[in-house]
**Student:** 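Could you have a look at this structure, given as structure tokens, before my questions?
Proteins come first, then strands; the chains are lettered A, B, ... in the order of their sequence lines, and each starts at number 1. Just the heavy atoms: all of them, side chains too, but no hydrogens, waters or symmetry mates, feed the values below.
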There are 2 protein chains.
Amino acid sequence: MRQNPTLKKIAEKLSLSISTVSRALKDHPDISAETKKKVNELAELIEYDPNPYAVNLRTHNSKEFAVVVPSLSNFFYHSFISSIEEDARIYGYSIIIYRSSNDPKIELEILKNCRHKRVSGIFIAITSETKEIEPFLKLDTQGIPVIFFDKVPAYESCNKICVNDAHAATLAALEILKKDVKRVFGIFGDKNMSITQVRLPKFSEVLLNANPDINLETVHATSSDEAECMTLKALSNYKKNDFVVFCMSDETLAGAMKAIQRKGLKTPEDIGIIAISDGMIPKLFYPEITYAETSGFKLGKLAFSRMMKCIAGSSFAQTIIDQSILVKGGSL
Amino acid sequence: MRQNPTLKKIAEKLSLSISTVSRALKDHPDISAETKKKVNELAELIEYDPNPYAVNLRTHNSKEFAVVVPSLSNFFYHSFISSIEEDARIYGYSIIIYRSSNDPKIELEILKNCRHKRVSGIFIAITSETKEIEPFLKLDTQGIPVIFFDKVPAYESCNKICVNDAHAATLAALEILKKDVKRVFGIFGDKNMSITQVRLPKFSEVLLNANPDINLETVHATSSDEAECMTLKALSNYKKNDFVVFCMSDETLAGAMKAIQRKGLKTPEDIGIIAISDGMIPKLFYPEITYAETSGFKLGKLAFSRMMKCIAGSSFAQTIIDQSILVKGGSL
DNA sequence: CTGAAAGCGCTTACAG
DNA sequence: CTGAAAGCGCTTACAG
């Protein structure tokens, strides 16, 4: 393994001290223009780059951000990661990916790992089972900013970036109300998930307050397959054009669409459908599915910019809510 | 920022030397059982964990793998990353994600970054424009194993893990031949992509060798939207049940399905469709789309195990080909 | 069985 | 404007 160029090597070749070379490279005002030029030229030539481990040992700045998510097979998190990666490149940070598998024990281990690696900051969507948030707060006090996103804890005083679940649910409900609909079938995710706990009551509230006569049936599905089964069951007493399906997530949407296709129904003629989604799955169908957007990409941008402020020393905690927008397809 | 526990702290509390503590912690045979016990207990108590930067500075082992892909909005790469992440956890490695945006310049920069970070190894799917592979080989000689996957260079002597494109194309062609079909519309990706250059000729060869009377039309689409347009055009002189669409990728499949839905056609009654895919998109439709599987997950497992062998000292290069299997849906 | 010492490659107060 | 020196936290030959 060829040795990488070091400060020492440059210093020797130029008959300077290591300190001077180090300073020249960081454009320290003490160093003469001439020396700087010499040093930089040689550094360029031999492709010098500081050993990040040595730098970190001194400065405690790893230039690495961790992104922790419950699952990697999720379109929303992908856009988030993609978005963060984009910004990180620009600022010279790397992104380390961790998956908690929705297991608080693994999550805790990951946190420990992040601490030992002295990452510069953590972006995390917590598991639906996470109860204790002390470990997260502890990291914050140790100088590792923690930005919660999407799945965030209830605790007030921490940095949270979330989609406006209530707003998204409201947009979807209002869109449904524009149609003359008697029956709404709402498919929601796991009861334990914080997003379910916001989206379900808000959706019901908006819908039923505006029109108490609507026959609203809600179910909880923990997988696409389950959502498909439940939709099929609901469709057993189907009446043409009298029925709207609402899906609170891509996962439930995938299941519902499978059931609708299985029954040979067409949207929007035979049945209406609307979802809350990041947008990938809605665009696979024709007509495209109308959805209230929760954009992982936008959330990533917001989270990253909040992170940079924390790194720069902003100490107060802040909750940032990304408003949702309605993207019209032709499915309703 | 609270100070992390160090060897020094343990040594002081126990009135031992740092060397002894270090050895005790790694179960060195020289150290007495009694001392080991004392040290380990205290280490446990104060949650000692070695500073990875200090360790790396000495040992040059970062325990980090880099994964470099052209794009992060790609289901295949997600499964690959997910698969690698799973194994990495077990072995105590972290995964750093890089996206080249299919730009060889960015790719080169990433490579440089990996070298400076002294990552333990690199998994990379190169860009379709990558011409020079010397930089990759150089890393290998510097002791950083490089495992190419999916998009691999033509150069012989390097570690490559790929799906068997020829095999997948063959499986799809054979499946089409089972039906009595006159007309096949094949949608392929960018001409520059290595996978296109294998899948297209093989598919044509198998199909036409078996049945020269088949009217095979092939097109290249660089996006879903383009694939949709091209499919719509092909469908303009559509005759019921006389037509099979073959899509070489998820991207083209998404476009083709959009066109088929737009025309109000049903699979397989009105039109047959078959693809090469990782499996996510085919399963969104009913009937599910028949596809020759190229599994990012399986590829990840193979790549990781090859990586561990390289780390362990295996120096010869090896090309591993993952065979494809046909997953039957009902779309053909 | 244990310890003193050198060194990994850098940064930065201190001195001149 | 430049340099000698200490130190970040660890590992490991060397000595006893």
Side-chain angles (χ1 to χ4, degrees), chain A residues 1-40 42-43 46-64 92 115-120 142-143, chain B residues 1-40 42-43 46-64 92 115-120 142-143:
Chain A
M1 171 164 170
R2 200 197 80 195
Q3 276 314 303
N4 279 300
T6 64
L7 284 186
K8 200 171 161 190
K9 231 168 274 175
I10 299 183
E12 276 167 6
K13 288 209 185 150
L14 259 30
S15 304
L16 286 168
S17 76
I18 294 176
S19 342
T20 304
V21 174
S22 172
R23 289 196 189 95
L25 251 15
K26 14 177 60 70
D27 204 21
H28 191 107
D30 270 3
I31 307 296
S32 75
E34 199 191 348
T35 306
K36 276 180 192 166
K37 187 157 169 271
K38 274 200 311 195
V39 170
N40 279 306
L42 182 58
I46 66 175
E47 290 191 302
Y48 169 79
D49 251 276
N51 180 323
Y53 297 95
V55 173
N56 185 281
L57 198 54
R58 285 282 311 192
T59 64
H60 297 287
N61 184 1
S62 71
K63 288 271 190 175
E64 294 184 324
R115 182 150 48 86
H116 300 149
K117 289 178 79 75
R118 278 79 172 166
V119 298
S120 298
Q142 284 178 28
Chain B
M1 171 164 169
R2 200 200 78 194
Q3 278 313 304
N4 279 301
T6 63
L7 285 187
K8 199 172 162 189
K9 231 169 276 175
I10 299 183
E12 277 167 8
K13 289 209 186 151
L14 258 31
S15 303
L16 285 168
S17 76
I18 295 175
S19 343
T20 304
V21 174
S22 173
R23 289 197 190 95
L25 251 15
K26 11 177 63 68
D27 204 23
H28 190 107
D30 270 2
I31 308 295
S32 74
E34 199 189 348
T35 305
K36 276 182 193 166
K37 186 157 171 269
K38 274 200 310 194
V39 170
N40 279 307
L42 182 57
I46 66 176
E47 292 191 302
Y48 169 79
D49 252 276
N51 179 324
Y53 297 96
V55 173
N56 185 281
L57 199 53
R58 286 282 311 194
T59 63
H60 298 286
N61 184 1
S62 71
K63 287 271 189 176
E64 293 184 325
R115 182 150 48 86
H116 300 148
K117 289 178 79 75
R118 278 79 171 166
V119 298
S120 299
Q142 284 178 31

**Student:** For side chain to side chain contact (heavy atoms under 4.5 Å, CB included), just list the numbers for I10(B) and I46(B), CA-CA rounded to whole Å, side-chain angles, deciding distance to a tenth of an Å, and then say yes or no.
**Tutor:** CA-CA 9 Å; I10(B) 299 183; I46(B) 66 176; 3.8 Å; yes
**Student:** May I ask you to verify if any side-chain N or O of T35(A) is less than 4.0 angstrom from the OP1 or OP2 atom of dC1(D)?
**Tutor:**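 For dC1(D), neither OP1 nor OP2 has a side-chain N or O of T35(A) closer than 4.0 Å.
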**Student:** Report the C-alpha distance between V39(A) and R23(A) in whole Å, list the side-chain angles of each, state the deciding distance to 0.1 Å, and finish with yes or no for side chain to side chain contact (heavy atoms under 4.5 Å, CB included).
**Tutor:** CA-CA 10 Å; V39(A) 170; R23(A) 289 196 189 95; over 6 Å; no
**Student:** If I compare all heavy atoms of K63(A) with all of G92(A), which pair ends up nearest, and what's the gap?
**Tutor:**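 Minimum heavy-atom contact is CD-O, 3.7 Å.
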**Student:** Verify, without hydrogens or angle tests, whether T59(B) (side chain) and V55(B) (backbone) share a donor-acceptor contact under 3.5 angstrom.
**Tutor:**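 Yes: the side chain of T59(B) pairs with the backbone of V55(B).
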**Student:** Looking only at the side chain of L7(A) (C-beta and beyond, no hydrogens), which of the listed nucleotides dC8(C), dC10(D), dC10(C) gets closest?
**Tutor:**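 Selected nucleotide (nearest to the side chain): dC10(C).
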**Student:** Start with the C-alpha gap between L25(A) and L7(A), add the side-chain angles, then the distance that decides, and say whether side chain to side chain contact (heavy atoms under 4.5 Å, CB included) holds.
**Tutor:** CA-CA 10 Å; L25(A) 251 15; L7(A) 284 186; 3.7 Å; yes
**Student:** Do any side-chain nitrogens or oxygens of T20(B) fall under 4.0 Å of OP1 or OP2 in dT2(C)?
**Tutor:**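 Checking dT2(C) against T20(B), no side-chain N or O comes under 4.0 Å of OP1 or OP2.
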**Student:** Using Watson-Crick or G-U wobble geometry with both distances under 3.5 Å, which nucleotide pairs with dA13(C)?
**Tutor:**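 None - no nucleotide pairs with dA13(C), as no candidate has both distances under 3.5 Å.
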**Student:** What is the distance from atom OG1 of T35(B) to atom CG of L14(B), rounded to the nearest 0.5 Å?
**Tutor:**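 T35(B) OG1 to L14(B) CG: 8.5 Å, rounded to 0.5 Å.
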**Student:** Rounded to the nearest 0.5 Å, what separates atom OH in Y48(A) from atom CG in L42(A)?
**Tutor:**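 Spacing of OH (Y48(A)) from CG (L42(A)) equals 11.5 Å.
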**Student:** I want to verify a distance call: between dG9(D), dC1(C), dG9(C), whose nearest atom is closest to the T6(B) side chain?
**Tutor:**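 My answer, after comparing the listed nucleotides, is dG9(D).
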**Student:** Enumerate all atom pairs, one protein N or O and one N or O from nucleotides 5-7 of chain C, separated by less than 3.5 Å.
**Tutor:**
unit_1	atom_1	unit_2	atom_2	d
dG7(C)	N2	R58(B)	NE	3.3
dG7(C)	N2	R58(B)	NH1	2.9
dG7(C)	N3	R58(B)	NH1	3.2

**Student:** Write down the distance between NE2 (H116(A)) and P (dG9(D)), rounded to a whole number of angstrom.
**Tutor:**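 Spelled out: NE2 on H116(A) to P on dG9(D) is 14 Å.
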**Student:** CD/E47(B) to CZ/R115(A) distance, rounded to the nearest 0.5 angstrom?
**Tutor:**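 It comes to 5.0 Å.
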**Student:** Please state how far atom CD1 in I10(B) lies from atom C1' in dT2(C), giving the value in whole angstrom units.
**Tutor:**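 In whole Å, dT2(C) C1' and I10(B) CD1 are 17 Å from each other.
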**Student:** I need the CG-P distance between N51(B) and dG9(C), as an integer number of Å.
**Tutor:**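 Taking CG of N51(B) and P of dG9(C), I get 16 Å after rounding.
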**Student:** Please list, for nucleotides 14-16 of chain D, all pairs of protein and nucleotide N/O atoms separated by less than 3.5 Å.
**Tutor:**
none

**Student:** Measure the distance from OH on Y53(A) to C1' on dT11(D) and round it to the nearest whole Å.
**Tutor:**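 To the nearest whole Å, that distance equals 17 Å.
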**Student:** Look at the side chain of N40(B) and the backbone N and O of K36(B), then say whether any donor-acceptor pair between them is shorter than 3.5 Å.
**Tutor:**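 Yes: the side chain of N40(B) pairs with the backbone of K36(B).
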**Student:** Would you mind reading off the distance between I46(A) atom CD1 and dG9(C) atom P, rounded to a whole angstrom?
**Tutor:**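 Value for this atom pair: 13 Å.
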**Student:** Rounding to a whole Å, what distance do you find between E12(B):CD and dG9(D):P?
**Tutor:**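 So the two atoms are 12 Å apart, to the nearest Å.
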**Student:** What's the closest nucleotide to the L57(B) side chain, out of dC1(D), dG9(C), dT11(D)?
**Tutor:**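 Of dC1(D), dG9(C), dT11(D), dG9(C) is nearest to the side chain of L57(B).
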**Student:** Just how far, in rounded Å, is P of dT12(C) from CG of L25(A)?
**Tutor:**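 Value for this atom pair: 13 Å.
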**Student:** Whole angstrom is fine here: how far is it from NZ in K9(B) over to C1' in dC8(D)?
**Tutor:**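 The answer, rounded to whole Å, is 13 Å.
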**Student:** So, OP1 or OP2 of dC10(C): does either fall under 4.0 Å of a side-chain N or O from Y48(A)?
**Tutor:**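 So the side chain of Y48(A) is within the cut-off, an N or O lying under 4.0 Å from OP1 or OP2 of dC10(C).
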**Student:** Does dA4(D) have a Watson-Crick or wobble mate here (both distances under 3.5 Å), and if so which one?
**Tutor:**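 Base-paired to nothing in any strand shown.
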**Student:** Could you pull out the closest heavy-atom pair between P52(A) and R118(B), with the gap in Å?
**Tutor:**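 That closest heavy-atom pairing would be CD-NH1, 3.6 Å.
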